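Computed from a prediction, not measured in an experiment: that's the story for all the values here. Naming: A, B, ... by sequence-line order, numbering from 1 per chain.
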Amino acid sequence: MAPTGFDLFSDRSVVAMRVDGVLKDLAATVTGEEVVEPVGIDSPDGLAILRHSTAHVLAQAVQTVNPEARLGIGPPIEDGFYYDFRIDEPLTPEDLKTISKEMERIQRAGQRFVRRVVTEDEARAELAAEPFKLELIGLKGAAADGRDGEGVEVGAGELTIYDNVDPRTGDTVWKDLCRGPHLPSTRMIGNGWALQRVAGAYWRGSERNPQLQRVYGTAWPSKDELRAYQERLEEAAKRDHRRLGRELDLFSFPEEIGSGLSVWHPKGGIIRHEMESHARRRHLAEGYSVVYTPHISKADLFATSGHLSTYADGMWPPLRMDEERDADGAVTKAGVDYYLKPMNCPMHILIYRERPRSYRDLPLRLTENGTVYRNELSGALHGLTRVRGFTQDDAHLFVTPEQLEEEVAKVLEFVLSLLRDFGLTDFELELSMRDDEKSKWIGSEAYWASSTDALRKVALASGLKLTEVPGEAAFYGPKIDLKVRDALGRTWQLSTVQVDPNLPERFGLEYTAADGSKQRPIMIHRALMGSIERFFAILLEHYAGAFPVWLAPVQAVGVPIADHHVPYLESVFDRLRATGVRAEVDASDERMQKKIRAASLQKVPYTIIAGDQDEAAGTVSFRLRDGSQDNGVPVEEAIARITAAIEAKAQV
RNA sequence: GCCCCCGUAGCUCAGCCGGUAGAGCAGCUGUCUUGUAAACAGCAGGUCGCAGGUUCGAACCCUGUCGGGGGCUCCA
């Protein structure tokens with residue numbers, strides 16, 4: 001008899017195997033000809049299998065508790081799994097407890113996951129009560145027919161059903177259409193899992209389809225790993241910028257103003273001001289010109305740019321100006337529609353077009369922190385990262401085709417350098433290109449080839465990790481996106497550099513070349529932080545509120561040991577403030593311990609303490625955010641230390 | 001926009017089956033003057049998001065609406 005994975009691997013942490021590169025259940029047989037590798041539960045594949053099997057147990061539990069529940073899909077995802085159900089009554093947190101109990105019961109029963117190959121007709125008969133599964137069978141059938149190009153590989157495989165078999169009776173207690181593989185038994189799931197929440201999700205991701213109830217869960221090889229994961233979530237929650245924004249009094253979203261529209265409090269305002277003014281100084285040094293444009297414009301501008309035809313849904317509704325009506329309400333004079341701007345580029349283009357341009361003017365680099373308004377879906381709004389009004393640190397560079405590559409290189413170098421100033425260091429690039437689906441793209445083959453090539457060269461020269469993604473380009477040109485990894489290891493897409501010959505075309509932009517001919521410039525769209533609000537949120541979470549000294553809203557707080565030390569501390573702090581340090585003495589009627597605690601909760605970089613000893617010696621005592629002390633520092637040195645840290649953009 | 005959950009003092013939260021609200025912190029006022037994360041006492045603070053409805057009576061039940069959260073969707 002041919003051996004199975006169970007014969008080959010006795011180690012209990014092996015949950016599946018890879019046979020000639022294909023994942024299989026341990027129960028599968030091998031001939032001895034293949035290359036067979038064990039899949040440990042700790043490996044990425046093993047974890048996915050664990051989570052997938054847990055999702056199955058969830059589904060079985062839901063159908064046990066509520067036999068009316070119909071099954072959607074239940075795949076493993078990062079850190080966990082989900083399963084979608086159609087249930088008439090919405091699931092409550094109480095239901096999750098009941099379901100968890102049932103899942104534990106299924107685990108204890110030690111049901112075996114048994115793979116069974118079925119024909120399409122058999123599958124349809126067995127799953128007649130599961131409309132969504134039938135739909136999946138139909139999709140797979142279509143793929144097998146070769147009608148869907150990418151389905152060939154998938155379609156070549158068989159339809160399989162996994163039976164959950166009671167080991168004592170040998171009865172099949174539950175089954176599900178599934179490709180597998182699975183753990184050998186429900187018992188191997190262990191106790192490292194938890195159900196997390198319920199959410200709505202459209203069937204197969206389309207809002208035209210019915211909305212199902214999705215149960216999210218997480219699963220790990222052990223309870224300890226589950227706890228560690230839960231602690232990571234708690235740590236992330238503590239850093240949530242919405243929470244820190246409130247605790248540190250940085251910004252808010254007054255209901256009276258409207259959803260997704262932020263106001264910046266003094267402490268948030270000073271941080272943002274420092275960020276913006278530093279960036280602006282560097283832009284000026286880099287040959288950019290600062291421009292300002294209004295927040296609204298007549299509809300024509302966005303008709304010319306094309307935004308109104310392709311993006312009207314994402315724009316705020318128009319404001320109608322100067323319309324006149326008679327007593328009956330009939331229009332006697334047509335009004336003009338104005339729109340809040342969703343992008344700055346059309347206005348920058350108008351600045352370019354304001355006078356004839358020569359090749360000597362190029363590259364022309366226009367930059368603006370331009371506030372734009374987009375009508376985001378209410379359900380998509382999220383703190384500062386997804387809002388309806390935000391400020392782009394936008395730039396539009398007008399170049400000759402010959403200048404494109406060199407200019408893109410300079411932009412990328414500049415972007416990286418400026419992001420490093422903010423303490424971000426871990427970057428990756430993504431090059432979005434066209435694919436072969438010709439109808440989607442405008443512009444010549446030669447243009448795509450040369451511009452994509454220019455971006456690729458620049459990206460490779462940066463030495464950063466580069467991923468090429470065909471098909472992801474804008475319809476008019478390729479782009480480079482820059483992703484950054486934060487202190488928690490999460491990646492954020494920040495900067496983007498896009499090549500665009502389309503808008504210059506639409507607006508008929510020209511420059512006079514050296515030979516006197518009229519030529520069309522190419523435009524480079526470039527956002528660096530992207531949205532300043534979102535960038536701020538990312539930095540806030542990256543630093544957990546403990547900003548580097550130059551960004552900290554209050555850089556030093558003075559804590560007198562007793563009231564009569566206030567004048568001495570004030571004399572030191574007067575000098576600090578004179579050098580531009582944001583420094584305040586806490587002269588309130590509180591215990592010094594409490595003042596230290598307050599400064600600490602506000603994440604102030606330097607707490608400066610002085611009592612009799614310091615006053616007598618002409619020194620102060622430092623307390624840093626990590627609780628460390630440096631006592632008896634001469635005033636002169638203390639001031640130098642703080643100003644040096646600000647100057648160096650140091651973290652302390 | 002869709003589904004589910006939530007909305008009580010500046011913040012965090014309590015308020016059993018309907019009987020018109022309570023704590024801690026923060027604030028203010030006093031007392032105490034103290035070497036590295038919370039002194040003590042007192043005072044003040046809410047038409048329970050808003051608008052309707054049911055009821056003798058609503059923070060609590062119903063409807064709508066605004067706002068928030070988790071997802072889905074979208075992201076030129």
Check your understanding: Should the pair A:Trp264 and A:Phe536 be assigned to parallel (<30°), tilted (30 to 60°) or perpendicular (>60°) ring geometry?
Key -> perpendicular

Practice item. Could you give the distance separating B:rC50 and B:rC43 at their P atoms, to the nearest angstrom? Key: 28 Å

Check your understanding: A:Arg197 side chain N/O closer than 4.0 Å to the phosphate oxygens (OP1, OP2) of B:rG71?
Key -> yes

Point to revise | Between B:rC5 (P) and A:Asp95 (CG): distance, integer Å | key: 11 Å

Exercise for review: Step through it carefully: locate the ring centre of A:Trp220, locate the ring centre of A:Trp193, and say whether they are under 6.0 Å apart.
Suggested key: no

Check your understanding: Ignoring hydrogens and angles, are the base of B:rC32 and the side chain of A:Asp589 linked by a donor-acceptor pair under 3.5 Å?
Key -> yes

Review point. Over how many whole Å does the gap from A:Leu212 atom CG to B:rU73 atom C1' extend?
Key: 14 Å

Check your understanding: Can you tell me if A:Thr98 uses its side chain to pair, donor with acceptor, with the backbone of A:Val65 under 3.5 Å?
Key -> no

Practice item. Send over the distance from A:Ile609 CD1 to B:rG35 P, rounded to a whole Å. Key: 11 Å

Exercise for review: Describe the nucleic acid contact of A:Glu247 in one word from base, sugar-phosphate, nothing, applying a heavy-atom distance below 4.0 Å.
Suggested key: nothing

Practice item. Write down the partner of B:rC25 under the Watson-Crick or G-U wobble criteria, each distance required to be under 3.5 Å. Key: B:rG10

Exercise for review: Give the B/S/- string for nucleotides 23-28 of chain B, one per nucleotide from 5' to 3', where a protein heavy atom under 4.0 Å of the base yields B, of only the sugar-phosphate yields S, and otherwise -.
Suggested key: ---S--

Check your understanding: Among side-chain atoms of A:Tyr543 and A:Gln651, is any donor-acceptor pair under 3.5 angstrom?
Key -> no

Check your understanding: Is there a donor-acceptor contact under 3.5 Å linking the side chains of A:Asn631 and A:Gln629?
Key -> yes

Check your understanding: In whole angstroms, how far is the P atom of B:rA37 from the CZ atom of A:Phe622?
Key -> 17 Å

Review point. Any N or O donor-acceptor pair linking the side chain of A:Arg386 to the base of B:rC74 at under 3.5 Å?
Key: yes

Exercise for review: May I ask you to evaluate whether A:Arg246 reaches the phosphate of B:rU12, defined as a side-chain N or O under 4.0 Å from OP1 or OP2?
Suggested key: yes

Exercise for review: Could you measure between the two C1' atoms, the one in B:rC61 and the one in B:rU55, and give it in whole Å?
Suggested key: 10 Å

Practice item. Hunt down the Watson-Crick or G-U wobble partner of B:rG1, both distances under 3.5 Å, from any strand shown, or write none. Key: B:rC72

Check your understanding: So, A:Arg582 side chain and A:Gln555 main chain: donor-acceptor pair closer than 3.5 Å or not?
Key -> no

Practice item. Quick one: label A:Gln211 by what it contacts on the DNA or RNA (base, sugar-phosphate, nothing), any heavy atom closer than 4.0 Å. Key: base

Practice item. Return the residues of residues 252-265 of chain A meeting this criterion: a heavy atom under 4.0 Å from some atom of RNA chain B. Order them by number, or give none. Key: A:Glu255, A:Ser259, A:Gly260

Review point. Rounding to the closest angstrom, what is the interatomic distance between B:rG49 and B:rA58 at atom C1'?
Key: 16 Å

**Study point:** Between A:Glu130 and A:Gln63: side-chain donor-acceptor atoms closer than 3.5 Å
**Key:** yes

Review point. What's the closest nucleotide to the A:Ala201 side chain, out of B:rA37, B:rC72, B:rU33?
Key: B:rC72

Exercise for review: Would you state whether a donor and an acceptor, one from the side chain of A:Asp614 and one from the base of B:rG35, lie under 3.5 Å apart?
Suggested key: yes

Point to revise | Donor-acceptor under 3.5 Å (A:Asp586 side chain, A:Gly558 main chain) | key: no

Check your understanding: Mind checking whether A:Tyr83 and A:Phe85 have ring centres under 6.0 Å apart?
Key -> yes

Check your understanding: Across all strands shown, which nucleotide pairs with B:rC16 by Watson-Crick or G-U wobble geometry, both distances under 3.5 Å?
Key -> none

Revision key, fill the gap. Taken to the nearest whole Å, CG/A:Leu381 to P/B:rC74 is 16 Å

Exercise for review: Please state whether the phosphate of B:rG70, meaning OP1 or OP2, lies under 4.0 angstrom from any side-chain nitrogen or oxygen of A:His382.
Suggested key: yes

Check your understanding: Judged by modelled atom types alone, do A:Tyr216 and A:Arg214 share a side-chain donor-acceptor pair under 3.5 Å?
Key -> yes

Check your understanding: Among B:rU33, B:rU36, B:rG1, which nucleotide sits nearest the side chain of A:Arg623?
Key -> B:rU36

Review point. Looking only at N and O atoms, is any donor in the side chain of A:Tyr202 or the base of B:rG71 less than 3.5 Å from an acceptor on the other one?
Key: no

Review point. Quick check: does any side chain N or O of A:Lys341 sit under 3.5 Å from a backbone N or O of A:Pro294, one acting as donor and the other as acceptor?
Key: yes

Check your understanding: Checking all strands, does A:Leu601 fall into the base, sugar-phosphate, or nothing category for heavy-atom contacts under 4.0 angstrom?
Key -> base

Check your understanding: Across the strands shown, which category fits A:Gly314 at heavy-atom distances under 4.0 angstrom: base, sugar-phosphate, nothing?
Key -> nothing

Check your understanding: In whole angstroms, how far is the P atom of B:rG35 from the CD atom of A:Gln629?
Key -> 13 Å

Exercise for review: Would you please say whether a donor-acceptor pair under 3.5 Å links the side chains of A:His396 and A:Asn344?
Suggested key: no

Revision key, fill the gap. Of the listed B:rG35, B:rU73, B:rC74, the closest approach to the A:Ser621 side chain comes from B:rG35

Practice item. Assess whether one donor atom and one acceptor atom, taken from the side chain of A:Gln213 and the base of B:rC4, lie less than 3.5 Å apart. Key: no

Exercise for review: Quick one: label A:Gly383 by what it contacts on the DNA or RNA (base, sugar-phosphate, nothing), any heavy atom closer than 4.0 Å.
Suggested key: sugar-phosphate

Exercise for review: Would you mind telling me which residue lines up with the more 5' stretch of RNA chain B, A:Ala474 or A:Leu91, judged by nearest nucleotide?
Suggested key: A:Leu91

**Study point:** N/O donor-acceptor pair under 3.5 Å between A:Ser628 side chain and A:Leu624 backbone
**Key:** no

Practice item. Sticking with atom P, work out how far B:rG10 lies from B:rG27, rounded to a whole angstrom. Key: 14 Å

Practice item. Taking atom P in both B:rG22 and B:rG45, compute the distance separating them and give it to the nearest angstrom. Key: 13 Å

Exercise for review: Output yes when at least one side-chain N/O atom of A:Tyr216 is less than 4.0 Å from OP1 or OP2 of B:rC72, else no.
Suggested key: yes

Review point. Does B:rA39 pair with anything, Watson-Crick or G-U wobble, both distances under 3.5 Å, and if so, with which nucleotide?
Key: B:rU31

Check your understanding: Which residue, A:Gly205 or A:His564, contacts RNA chain B at a nucleotide closer to its 5' end, judged by nearest heavy atom?
Key -> A:His564

Practice item. Please measure how far the C1' atom in B:rG57 lies from the corresponding atom in B:rG67, and state the result in whole Å. Key: 29 Å

Check your understanding: In whole Å, what is the span from the CD1 atom of A:Ile561 to the C1' atom of B:rC32?
Key -> 16 Å

Check your understanding: Any luck finding a side-chain donor-acceptor pair between A:Ser252 and A:His265 under 3.5 Å?
Key -> yes

Point to revise | Nearest-Å distance for atom pair CD/P, residues A:Glu615 and B:rG35 | key: 15 Å

Practice item. Taking atom P in both B:rC13 and B:rC2, compute the distance separating them and give it to the nearest angstrom. Key: 28 Å

Check your understanding: Does B:rU63 have a Watson-Crick or wobble partner in any strand here, with both distances under 3.5 angstrom, and which is it?
Key -> B:rA51

Check your understanding: Say you pick atom P in B:rA59 and the same atom in B:rU8; how far apart are they, in whole Å?
Key -> 15 Å

Exercise for review: Could you check which of B:rC72, B:rG70, B:rU33 has an atom nearest any side-chain atom of A:Arg242?
Suggested key: B:rG70

